[in-house]
*Asks:* 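The structure that follows is given in the form of structure tokens.
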Amino acid sequence: MTPLADRLLELASRTVDAGARIIFIAGPQGVGKSTAMATLTEAIAGSVALALDDFYLTRAEREALARDVHPLFATRGPPGTHDVALLMETLTRLMAAGPDEPIRVPVFDKATDDRRPPDAWTVVRGAPRVIFLEGWLLGVAADPATAGAPPLNAVEASDADGTWRACQEAQLAGPYARLWDMADAFIYLDAPGFAAVHDWRIEQEESTLGLAPGTLDAARRDWVAGFILHYQRLTERLLAGHRQAGEAIAVDRFRQPV
């Protein structure tokens, strides 16, 4: 067990003992959420782990958003690119499931950038004792005023009139806020800064591609650097504490609790 997983297990166990049944765990890309989830579900009886990433809109739905609202919505990740209604329905059905009742949970295939067909979804039987949901933006607060703020990076500069940002903020104030209300508790894994997120995302890409550390080619590094800019404003907002109340675990650039 890694030090981060050990610390998270300790904190999550106390939260469960206090009566929480739905726990949202937020942390930036590459911090180690998925690895920690495996530890939690193995150690805490009757628990199940869900990932916000599995509730992305289908590729066709995001392409429609990109066409009708703003081209930046073609890229999955920011508020507005998730099927929040499906996620809330899934949480509700899981909590109310009868003994051994099968509940299907969607699976998103990042290789094809699309949701898998329903017959390939995960099946959870019966109501879990605890549901962990992990995702990079869980709990972040809306801030409509930022839609008119100067661009933070090159990606935001392509949103000259703030349409993309304004839509995200409206989503955070509406559907996502209602999703946050379903959580009994929040736990945050806090990076030392956005620069660490860039390095972690490079490592994550190398691992996904089966490459040795430090061998990702320049073109792919440039792609990663541009991709994470879609997440910068809200990641920094989370790290600054503009979020739902909850417990936090700060980590260093090596992902060790501090």
Side-chain angles (χ1 to χ4, degrees), residues 1-5 8 25-42 49-63 65-66 71-83 105-117 119-122 132-138 153-156 158 189-236 238-239 251-257:
M1 187 184 301
T2 68
L4 176 57
L8 181 57
I25 299 178
Q29 292 182 333
V31 72
K33 298 185 300 298
S34 299
T35 301
M37 288 294 100
T39 298
L40 292 185
T41 53
E42 182 178 346
L50 308 184
L52 180 65
D53 285 0
D54 281 323
F55 290 86
Y56 283 127
L57 295 172
T58 66
R59 184 165 59 182
E61 289 169 330
R62 285 181 287 113
E63 287 173 348
L65 272 179
L72 285 173
F73 279 116
T75 299
R76 65 179 187 261
T81 63
H82 302 93
D83 192 334
V105 178
V107 176
F108 192 88
D109 186 345
K110 292 182 179 178
T112 62
D113 195 26
D114 209 352
R115 187 184 299 163
R116 290 181 180 170
D119 61 2
W121 290 11
T122 300
F132 294 109
L133 176 67
E134 61 94 354
W136 78 272
L137 60 76
L138 298 176
N153 55 44
V155 167
E156 290 193 356
S158 67
L189 308 179
D190 288 342
F194 193 70
V197 178
H198 171 269
D199 294 342
W200 294 341
R201 189 60 183 80
I202 292 289
E203 293 174 5
Q204 195 175 55
E205 192 72 7
E206 290 172 337
S207 177
T208 299
L209 297 174
L211 300 175
T215 62
L216 192 67
D217 65 76
R220 199 62 183 174
R221 283 177 173 271
D222 288 345
W223 178 85
V224 169
F227 178 70
I228 67 169
L229 296 183
H230 294 77
Y231 302 78
Q232 183 176 358
R233 184 177 293 274
L234 295 185
T235 298
E236 292 181 344
L238 275 163
L239 295 177
V251 301
D252 62 22
R253 65 189 185 93
F254 302 106
R255 304 182 186 86
Q256 301 300 308

*Asks:* Could you check if a side-chain atom of Thr39 sits within less than 4.5 angstrom of a side-chain atom of Leu8, using non-hydrogen atoms only?
*Replies:* no
*Asks:* So, for Val197 and Ala191, which heavy atoms are closest and what is the spacing to 0.1 Å?
*Replies:* CG2-CB, 4.3 Å
*Asks:* When rounded to the nearest 0.5 angstrom, what distance separates CZ in Arg76 from OG1 in Thr58?
*Replies:* 13.0 Å
*Asks:* Using 0.5 Å steps for rounding, measure from the CH2 atom of Trp200 to the CD1 atom of Ile202.
*Replies:*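 So the gap between those two atoms works out to 14.0 Å.
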*Asks:* Side chains of Leu137 and Pro79: does their closest heavy-atom pair fall under 4.5 Å?
*Replies:* yes
*Asks:* At what distance, to the nearest 0.5 angstrom, does CD of Glu203 lie from CG of Leu216?
*Replies:* 11.0 Å
*Asks:* More than 12 heavy atoms of other residues, nucleotides or ligands under 6.0 Å from CD of Gln256: yes or no?
*Replies:* yes
*Asks:* Report the distance from atom CD1 of Ile25 to atom CG of Leu138, rounding to the nearest 0.5 Å.
*Replies:* 9.5 Å
*Asks:* Where is the tightest heavy-atom contact between Phe73 and Ala66, given as atom of each residue plus distance?
*Replies:*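 Taking every non-hydrogen atom into account, CB-N, 4.1 Å.
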*Asks:* Do the ring planes of Trp223 and Phe227 sit parallel (below 30°), tilted (30 to 60°) or perpendicular (above 60°)?
*Replies:*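 Trp223 vs Phe227 ring planes: parallel.
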*Asks:* So if I apply the side chain to side chain donor-acceptor pair (under 3.5 Å) rule between Arg62 and each of Asp113, Asp114, Thr81, which one comes out positive?
*Replies:* Asp113
*Asks:* If you compare all heavy atoms of Pro28 against all heavy atoms of Trp136, which two are closest, and at what distance to 0.1 Å?
*Replies:*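 Minimum heavy-atom separation between Pro28 and Trp136: CA-CB, 4.5 Å.
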*Asks:* Should Asp53 and Lys110 count as side-chain neighbours, where that means a heavy-atom distance under 4.5 Å?
*Replies:* yes
*Asks:* Would you please test Gln29 and Ile228 for side chain to side chain contact (heavy atoms under 4.5 Å, CB included) and show each step?
*Replies:* CA-CA 9 Å; Gln29 292 182 333; Ile228 67 169; 3.5 Å; yes
*Asks:* In Å, rounded to the nearest 0.5 Å, how long is the span from CG of Leu72 to NE2 of His230?
*Replies:*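 NE2 of His230 is found 5.0 Å from CG of Leu72.
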*Asks:* Side-chain contact, heavy-atom cut-off 4.5 Å: Ser34 with Glu134?
*Replies:* yes
*Asks:* Measuring from Asp190:CG to Thr235:OG1, what's the distance to the nearest 0.5 Å?
*Replies:* 11.0 Å
*Asks:* Could you give me the CA-CA distance, side-chain angles and deciding distance for His198 and Gln232, then say whether side chain to side chain contact (heavy atoms under 4.5 Å, CB included) is met?
*Replies:* CA-CA 10 Å; His198 171 269; Gln232 183 176 358; over 6 Å; no
*Asks:* Would you check if Leu239 and Phe194 make a side-chain contact, meaning some heavy-atom pair closer than 4.5 Å?
*Replies:*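 The answer is no; the side chains never approach within 4.5 Å.
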*Asks:* Partners of Asp54 by side-chain contact (heavy atoms from CB on, under 4.5 Å), sequence neighbours excluded?
*Replies:* Ala51, Val107, Phe108
*Asks:* How far apart are the closest heavy atoms of Tyr56 and Gly77, and which atoms are they?
*Replies:* CE2-N, 3.3 Å
*Asks:* Would you indicate whether the side-chain heavy atoms of Arg115 and Trp121 approach each other to under 4.5 Å?
*Replies:* yes
*Asks:* If you compare all heavy atoms of Val105 against all heavy atoms of Leu50, which two are closest, and at what distance to 0.1 Å?
*Replies:*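 Heavy atoms of Val105 and Leu50 come nearest at CG1-CD2, 3.9 Å.
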*Asks:* Might you confirm whether atom CZ of Arg253 has over 12 heavy atoms from other residues, nucleotides or ligands at distances under 6.0 Å?
*Replies:*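 Atom CZ in Arg253 is not packed in, count stays at 12 or less.
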*Asks:* Between Thr2 and Arg255, is the side chain to side chain contact (heavy atoms under 4.5 Å, CB included) condition met? List the steps.
*Replies:* CA-CA 9 Å; Thr2 68; Arg255 304 182 186 86; over 6 Å; no
*Asks:* Do you know the tightest heavy-atom contact between Leu229 and Ala154?
*Replies:*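 Residues Leu229 and Ala154, closest heavy atoms: CD1-N, 4.3 Å.
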